[in-house]
Amino acid sequence: MFYELYLRSFCDGNGDGIGDFIGAERKLDYLANLGIEGIWLLPILHSPSYHGYSVIDFFSVNPIYGTLKDLRNFLASAHKLDLKVILDLPMNHTSPNHEWFLKALNGEKPYRDWYLFLKDEQWLKARRHWDGEQVWTNYSGQWVYTLFGPGSPDLNYESSSLWQQMKEVLTFWLSVGFDGFRFDAAKHIFDFSLEKGICEYQHSRNIAFWKEMTAHCRSISPNSIFVSEVWDDAQIVDLYSAIFGIGFNFPLAEDLKTSVATRDPELLVKSLRTDLNRSFRSKRSYESGVFLTNHDMSRLVSVMDGDEKLSLLAMSVLLSLPGVPFFYYGEELGMEGVYNTYFNEEQLEPFLWFENGYGPGQTEWKALGKNHPHSGRSLEAQKAVDGSYFERFRAILEFRKNNSWLRLATMRGLKRRENLVILRVVGESRSAYIYHNLGKRRVALEDVSNLQIINGSLGRYRGKRYLGGFSSAIEVTE
Ligand code: ACG
């Protein structure tokens, strides 16, 4: 299980209200106790932006997070607890304040070739693949390709010297002690056709690029972990995941949430068959990075319209599946937040350690718009209450921790009986039936033994076992 960590909002180690390496290091025990095995660290490279995806120096950390030494200490402490740490590396673009870009604007070589300058007025008509936004920005009279907006001009990988430069970047961060990378925007390396002057993914060129980058990393650190961020349909996700070893399963994330939110067991069955189709085969070339939410999405409780039972059901379905699960910081508290493309702040609020919003390590760099003090949401408050959201969420994590064999298990069967969805999962040393009740009412389970609750309730009535509404249970058969 991986924890997606937004450092700025996590834990403040030096009292400036901004989360940092020193603060996060102090909370590693907390993460290890949750049963986390790895941390996906959202971008921490030197960047002017709050999200960190527009880098101004690929060889230094953002000073607000501490020094390189602080980072090394953080990594060493994580490793002592057997936690892997992967770095989110945005290699598709830079900040317009990056020295490379400033030199490129000046016409200096090789930097001029490292960005895409307009060569044909017709290219200005190009529109972004998924939402029709314009993709060219005028910087003091020069048009540059900027897929993600004016704050992040795209790097142009037509230039071979840039490939070399990026290999040096990878070497550097591996030498600092990272266990691998979450490669941002992996399908965007080549996404503009110079021939046609339009936005068009060139998947085979992207794949060739990533093959070379990952091979480079493996030549330094053979066990490097790579996770690809390819937000697309299942067959495209597949294509890239095979290179990286782990690929985020975006289609599954959406379908899983929708099926639980709309209480639609049929949709759940259908989406597991399609979005996890590889998990039905015993030989797979990669693992699915299964998740429900991330920093680009609304938080789970908000998606479920505040219904905690549904959020926990979605989580227990997720953690019963083969693959490598990821979850976003604060989801264990049931933090709220709705994603908005133009004001994407709500889903990255400070982690609420203390009920009154103050205390050692509490970050305060931004206002709490959704997750208020004195709302009972804080870790402090929830730890003091039996049956809190945190406690129930933690129990689901505990289930996964005790059933880590599920990661490499094969799905051997999937069926539905009214609101009940039954999964047959077979691992090397164990196998199980897993039951999820997507309905409000309890359902009888026939011929079961050795049942354990994952989430919700289990009961017995006149000799029959019942699974409560919005509940999940596992029956280990071997
Ligand atoms: C990553 C990061 C994100 C970051 C950037 C840029 C990239 O996680 O935080 O932005 O460094 C696209 C890209 C992703 C990108 C997201 C935000 N995420 O592909 O790499 O945008 C469609 C498109 C997707 C698109 C998605 C969301 O196909 O390409 O993702 O919409 O907009 C079905 C379809 C599927 C479709 C979905 C949703 O599932 O199958 O194709 O996806 O529906 O409609 C950060 C900041 C930005 C800043 C930037 C520089 O957040 O504000 O501008 O950095």
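Positions are given from 1, in the same order as the sequence printed here. Both ligands and their constituent atoms are indexed starting at 1 by order of listing.
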Contacts of type side-chain contact (heavy atoms from CB on, under 4.5 Å), residue E121, not counting sequence neighbours: L118, L124

Residue pairs passing the side-chain hydrogen bond (donor to acceptor under 3.5 Å, both in side chains) test where at least one lies in residues 248-262, sequence neighbours excluded: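 Counting only pairs at least two positions apart or across chains, the side-chain hydrogen bond (donor to acceptor under 3.5 Å, both in side chains) contacts touching residues 248-262 are N249-S288.
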
Side-chain donor-acceptor distances from residues 226-233 under 3.5 Å, at least two apart:
from : atom 1 : to   : atom 2 : distance (Å)
E229 : OE1    : A185 : N      : 2.8
D232 : OD2    : K187 : NZ     : 2.9

Y6, Y53, W40 screened by side-chain hydrogen bond (donor to acceptor under 3.5 Å, both in side chains) with H295, the one that passes: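 It is Y53; the other options fail the test.
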
Main chain of I44, side chain of N62: is a donor-acceptor contact present, judged purely on distance under 3.5 Å?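 No, N62 side chain to I44 backbone: no donor-acceptor pair under 3.5 Å.
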
Kindly say whether the aromatic ring centers of F244 and W210 come within a distance under 6.0 Å.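 Yes, they do, as the ring centres are separated by less than 6.0 Å.
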
Contact residues of ligand 1, where a non-hydrogen atom lies under 4.0 Å away: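 For ligand 1, the contacting residues are H51, Y53, H93, W130, F148, S152, R182, D184, A185, K187, H188, Y201, E229, W231, D232, D233, H295, D296, N344.
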
